[in-house]
2 protein chains.
Amino acid sequence: MPPRDQEQTRRRVIEATIELLTREGRDAVTTRAVALAAGLQPPAIYRLFGDKDGLLDAIAEHGFATFLASKSLDPDPRDPIEDLKAGWDLAVEFGLANPALYVLMYADPTRPASAAFTAGMEILMSRIRRLAAAGWLRVDEELAAAIIHATARGAVLTWLSLPEDRRDPALLTTLRESMLTAVTNHEPATQEAGPIGAARALRAALPEQTALSDGEQHLLEEWLDRLTLGR
Amino acid sequence: MPPRDQEQTRRRVIEATIELLTREGRDAVTTRAVALAAGLQPPAIYRLFGDKDGLLDAIAEHGFATFLASKSLDPDPRDPIEDLKAGWDLAVEFGLANPALYVLMYADPTRPASAAFTAGMEILMSRIRRLAAAGWLRVDEELAAAIIHATARGAVLTWLSLPEDRRDPALLTTLRESMLTAVTNHEPATQEAGPIGAARALRAALPEQTALSDGEQHLLEEWLDRLTLGR
DNA sequence: GGAGAGTGGTAACGTTGATATATGCCACCT
DNA sequence: AGGTGGCATATATCAACGTTACCACTCTCC
């Protein structure tokens, strides 16, 4: 049997599993129930996914990918802050739209990061890097990622743990705004994009620094001048 | 047998379970393993706790209570803001000190709130109420509780999901400060960028530059890192 | 002293994740 | 065309799990 068919049954199993998970909950996802829902025998799961964790990773990836595909993410290079907000909203929206899947992916911190998890992190990191390049970042990139991740995670899990009639949308907007003020500056540290603007801004602010020796600072100034000249 | 003895064996079982949980992880907590560790037969668990969830609730309550007992919480009626900070720190500290227990209590949002969970919420709510009485609250009490809860939950779970060598304590202090500015009218002491922001921007934009040699760029990156660290 | 209630121990049931063994099918080579 | 090897399927099975039924014992109270 060519791998085409196997890929097809893989998809069928994955979709049946997601259906089962969202409709009957986490505990209903047993290898037998999945096999039955997909019209296979229990051992087939193991041939296709290795073990149950493999199956769960696969459905996480599939669910995340289809969610992303349903959204159009077109970053505006001129407003990285708006992009960050949109990215945060996207992460939260995924959690609210796919609670069971989200809990599977993000609830247990001891669970090793799945492919879907790292894929989401990649999206975030690219936006953070653009923010940093534009001089907006108040903290270093790694800390920014952690803050964004933590606020989104806390927002979704807390939202889901509240009974439906006590869920206040202000929780989400407030947390997003807090995240923003924690991560970004009120004004960008550089006026122009790219290394040239950053170099010029640093050149201007350099006299205040104390971390470098006189000699180091002198050489640094030369380099910054070369950078601003672009050659 | 008088209930005195039963209470004693209950305690023994609870402590054995916590020991098992923290030493060998979540999956090691089976009714049989717990019974063996406590020197009982498996059915005894059910006589004492009803079912396995009853046992887990009991250990959550016990773990939370002993943690609280080890801390002295003496609210200062004159500084409710400091009290809130201390309360948030307390919640986070509990999570970092008892990861397995915390995950059990807070990871799965579909799990019904245990006694320990609501006990922690009670502590929080009393502080929020005092904050509100003093006129410090920027949002209504329920939203404040949700924000505090969400930031703490996100902080702990994100912290635990990071590998140990990438855990930055600034994540916790930053999130606490964000929570504070989101919930209260207290003005944050925000530091302005100076050369740090510009250095960070240049660091992020550096790969695009062509004016410097590889060696120069490498040394420059080291200096920029030193500048952003401020020492 | 005997009846009843409650405790404790043994064995067992149904289900789960996972695997080993047997059965059937299809492409491929001679 | 007819074997033949390899692979997907199907059945049976395993150990471990949460949980419960059942039985023997002991203690209490009349």
Side-chain angles (χ1 to χ4, degrees), chain A residues 1-60 100-101 103-105 107-108 110-112 114, chain B residues 1-14 16-60 100 103-105 107-108 110-112 114:
Chain A
M1 185 180 277
R4 177 72 118 289
D5 281 18
Q6 199 180 77
E7 201 57 37
Q8 210 166 343
T9 65
R10 244 184 90 101
R11 273 187 79 95
R12 213 177 64 237
V13 172
I14 288 175
E15 273 154 21
T17 307
I18 292 183
E19 165 89 6
L20 205 60
L21 176 67
T22 58
R23 292 227 343 217
E24 306 192 32
R26 174 74 211 267
D27 292 343
V29 180
T30 70
T31 56
R32 280 169 178 79
V34 167
L36 184 70
L40 277 79
Q41 274 65 31
I45 307 292
Y46 294 88
R47 258 186 302 104
L48 293 171
F49 301 96
D51 61 355
K52 198 185 176 185
D53 274 337
L55 172 62
L56 296 183
D57 283 354
I59 68 167
L101 219 50
V103 169
L104 209 65
M105 290 170 61
D108 185 356
T110 64
R111 191 179 169 75
S114 67
Chain B
M1 188 180 274
R4 177 77 115 291
D5 282 16
Q6 200 181 79
E7 201 56 38
Q8 210 168 343
T9 65
R10 245 185 90 98
R11 275 189 77 94
R12 211 176 65 236
V13 172
I14 288 175
T17 307
I18 292 184
E19 164 89 7
L20 205 59
L21 176 67
T22 57
R23 290 226 344 215
E24 306 192 31
R26 174 75 211 269
D27 292 341
V29 180
T30 71
T31 57
R32 283 171 174 80
V34 167
L36 185 70
L40 279 87
Q41 276 69 27
I45 307 293
Y46 294 86
R47 272 191 278 278
L48 293 170
F49 301 95
D51 61 355
K52 197 186 177 185
D53 274 336
L55 172 62
L56 295 183
D57 283 355
I59 69 168
V103 170
L104 208 64
M105 291 170 61
D108 186 356
T110 64
R111 191 181 170 75
S114 66

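These numbers were taken from a predicted model, which means no experiment stands behind them. Lettering of chains follows the sequences in order, A, B, ..., and the numbering in each one begins at 1. Just so it is clear, the values below take in all heavy atoms, side chains as well, and ignore hydrogens, waters and symmetry mates.
- Atom CD1 in A:I45 sits roughly 11 Å away from atom P in D:dT9 (whole-Å rounding).
- Atom CG of A:D51 and atom P of C:dT19 are 8 Å apart (whole Å).
- Across all strands, A:P42 comes closer than 4.0 Å to no nucleic acid atom at all (heavy-atom distances).
- Here D:dC17 presents its P atom at 9 Å from NZ of B:K52, a figure rounded to the nearest Å.
- The nucleotide whose nearest atom lies closest to any side-chain atom of B:R32 is, among C:dT10, D:dC14, D:dC17, D:dC17.
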Side chain to side chain contact (heavy atoms under 4.5 Å, CB included) evaluation trace for A:I45 with A:L40: CA-CA 8 Å; A:I45 307 292; A:L40 277 79; 5.8 Å; no

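- Judged by distance alone, with hydrogens and angles left aside, the side-chain atoms of A:K52 form a donor-acceptor pair with the main-chain N or O of A:V29 at under 3.5 Å.
- Look at B:T31 and you won't find any side-chain N or O under 4.0 angstrom from OP1 or OP2 of D:dC17.
- Following rounding to the nearest Å, A:Y46 (OH) and D:dC14 (C1') show an atom-to-atom distance of 12 Å.
- Under a 3.5 Å cut-off, the side chain of B:R10 and the backbone N or O of B:L48 do form a donor-acceptor pair.
- Between the C1' atom of D:dG18 and the CG atom of B:L56 lies a distance of 12 Å, rounded to the nearest Å.
- Atoms CG (B:L48) and C1' (C:dG6) sit 14 Å apart, rounded to a whole Å.
- Checked against A:L21 for a side chain to side chain contact (heavy atoms under 4.5 Å, CB included), the options A:V34, A:L56, A:L101 give a single hit: A:L101.
- D:dA10 atom P lies 13 Å from atom CG of A:L36, rounded to whole Å.
- Within 4.0 Å of B:V34, counting heavy atoms only, lies no atom of the nucleic acid at all.
- Residues A:I14 and A:E19 fail the side-chain proximity criterion, which asks for heavy atoms closer than 4.5 Å.
- Under 4.0 angstrom from either OP1 or OP2 of C:dG9 there lies at least one side-chain N or O belonging to B:Q41.
- For the pair A:R47 and D:dT9, the criterion of a side-chain N or O lying under 4.0 Å from OP1 or OP2 is met.
- Between the CG atom of A:D27 and the P atom of D:dT19 there is a distance of 11 Å, rounded to whole Å.
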